[in-house]
There are 2 protein chains.
Amino acid sequence: MPVSKVLERKAKLHTALLDSAERRIAESTVGQLRARDLAADAGCSLGAIYNVFEDLDALILHVSLRTLQRIDLTMAQAGRAYADEDPIERMIKLANAYLEFVDGNHNLWRALFDHTLPEDYELPQWIIDGQLELFRHIEEPLSLVMAGQEPKLISQTARSLFAAMHGIITLSVERRVVAPDAVEPQMEFILRNFVKGLSAST
Amino acid sequence: MPVSKVLERKAKLHTALLDSAERRIAESTVGQLRARDLAADAGCSLGAIYNVFEDLDALILHVSLRTLQRIDLTMAQAGRAYADEDPIERMIKLANAYLEFVDGNHNLWRALFDHTLPEDYELPQWIIDGQLELFRHIEEPLSLVMAGQEPKLISQTARSLFAAMHGIITLSVERRVVAPDAVEPQMEFILRNFVKGLSAST
DNA sequence: CAGAAAATTGAACAATGTTCATTTAACTAT
DNA sequence: ATAGTTAAATGAACATTGTTCAATTTTCTG
């Protein structure tokens, strides 16, 4: 049974707008996204955008979900590719995989964090869930080097380590705090010493 | 010799606009800043803003410099207050001082990083310099626990550690990656193990 | 104090997200 | 098939903003 023409058109337009937004963000920045450009790309009227998405913020969040899923894919691949190495090596590989994604998808990655929602706009749960997936990859090797610790602590630490590496990358590309060619060695330096410190305890 | 009335007025307006912008950012967000509100606050015309500042971005950057200087002051105080403690304890105190500033000056802090400049707009050198000051505070205790290492490495590591702690705080308040009550213990956990790992090396 | 120079003004402009009355298309029951 | 009903698509119009600039006011100078 075919879906109604209406729903079919709506789904097509949904995808067309998402594709257009993703391409435009990738090619310039999220701040340069314009409703009229999207409508022109998708071959629809200006108002049609608002039949499919609540507003531009919602559209951007959908692009962000796609980006999160691509990051997840990248990290999953990195996790698989180095599955037999030591946990610490895998953690470093994961950090580098994330860094590589940032370098190769700069504007889409920036859109994830640069685009600040209006004050009343709630960060949707499905975006938070999309982020959560990422920590799975870190948690796996980390739970080996933190064997015996509380699962809650391991889970928290996976998130904090991600946030820490993310901070190093972010303050490098956005604020020149960390020199670009220091990012990779510093992520490695901090991870190695953190893990070494873990095993130096009790 | 009194400065000309023109320059006097200009200086007064400069301060009045900065004060108004700072107050308004602190009370709502940088995204809610409106040129017309600033003019009303400062008792000047709309156009007068542009006699004193290049544009609103420049005004916001000046507020950011003030914020950076206040962060510097906070960290300097923390550094002094715990001057006789172990280096690692001082590093933890510095991280907590930064966290405390973020909690107590949320919107001004967010303005530092949320406000993305137009693509052509160069991040001014005096903002970068303002950031650099912050790393001095970390470099001091860090150079004790990294005694004998290359000064270049110590300097890089101070920046990376700041960026790492900043990342943990940022992804906590903006993205819910790290639970709020986990931020402080996690910063401490990561710093302690990192430093422990350092001394575990040759 | 007159005239020149400079700053101040705020109405007008341009850009842009969003809305909604009108038009067009899709569906349904006979 | 078709008239009638329901729903979607349209894009002109609106509201909000940052920024500009010709006209006005103020300040400076000889």
Side-chain angles (χ1 to χ4, degrees), chain A residues 1-18 20-21 24-25 27-64 111 114-122, chain B residues 1-18 20-22 24-25 28-64 111 114-122:
Chain A
M1 185 165 71
V3 290
S4 72
K5 280 188 182 172
V6 165
L7 288 183
E8 204 172 69
R9 280 170 76 105
K10 204 159 193 168
K12 272 232 173 71
L13 190 53
H14 185 97
T15 308
L17 285 169
L18 257 182
S20 162
R24 283 188 177 272
I25 291 172
E27 284 174 4
S28 58
T29 70
V30 69
Q32 290 300 307
L33 207 62
R34 297 290 174 265
R36 285 162 178 79
D37 292 338
L38 294 171
D41 287 351
C44 71
S45 69
L46 191 55
I49 295 171
Y50 298 86
N51 298 332
V52 178
F53 291 99
E54 183 64 26
D55 50 27
L56 283 197
D57 288 317
L59 175 48
I60 291 167
L61 284 171
H62 279 266
V63 174
S64 286
D114 277 10
H115 180 63
T116 47
L117 299 169
E119 281 187 89
D120 48 351
Y121 216 106
E122 185 93 20
Chain B
M1 184 166 69
V3 290
S4 71
K5 282 188 183 173
V6 166
L7 288 182
E8 205 172 69
R9 282 171 74 104
K10 202 159 194 167
K12 272 233 174 70
L13 190 53
H14 184 98
T15 309
L17 285 170
L18 257 183
S20 162
E22 189 174 40
R24 281 188 177 273
I25 291 172
S28 57
T29 70
V30 68
Q32 290 299 310
L33 206 63
R34 297 289 175 264
R36 284 163 179 80
D37 292 338
L38 294 170
D41 287 351
C44 71
S45 69
L46 192 55
I49 295 171
Y50 297 87
N51 299 331
V52 177
F53 291 99
E54 183 64 28
D55 50 27
L56 283 198
D57 288 317
L59 175 49
I60 291 166
L61 284 170
H62 280 265
V63 174
S64 286
D114 277 11
H115 180 64
T116 47
L117 298 169
E119 280 187 271
D120 49 349
Y121 216 105
E122 186 91 22

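Given the structure is predicted, the values throughout are model-derived calculations rather than measurements. Excluded from the calculations below are hydrogen atoms, water molecules and symmetry mates; all remaining heavy atoms, backbone and side chain alike, are included.
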Taking ring-ring contact (aromatic ring centres under 6.0 Å, His included) as the cut-off, I'd like each qualifying pair that reaches into residues 32-53 of chain A, sequence neighbours left out, listed once. His14(A)-Phe53(A), Phe53(A)-His62(A)

With Glu119(B), which residues qualify under salt bridge (charged side-chain N to carboxylate O under 4.0 Å, His left out), at least two apart? none

Sugar-phosphate or base contact per nucleotide [nucleotides 12-22 of chain C; S, B, -; heavy atom under 4.0 Å]: B---SBBB---

From CZ of Phe53(A) across to P of dA9(D) the rounded distance in Å is 13 Å

Applying side chain to side chain donor-acceptor pair (under 3.5 Å) to Asp114(A) and not counting sequence neighbours gives Arg110(A)

Whole angstroms only, please: what is the CG-C1' distance between Leu13(B) and dT9(C)? 13 Å

For Asp55(A), all residues meeting salt bridge (charged side-chain N to carboxylate O under 4.0 Å, His left out), sequence neighbours excluded: none

Just to verify, what does Thr15(B) make a side chain to side chain contact (heavy atoms under 4.5 Å, CB included) with, not counting sequence neighbours? Asp19(B), Arg66(B)

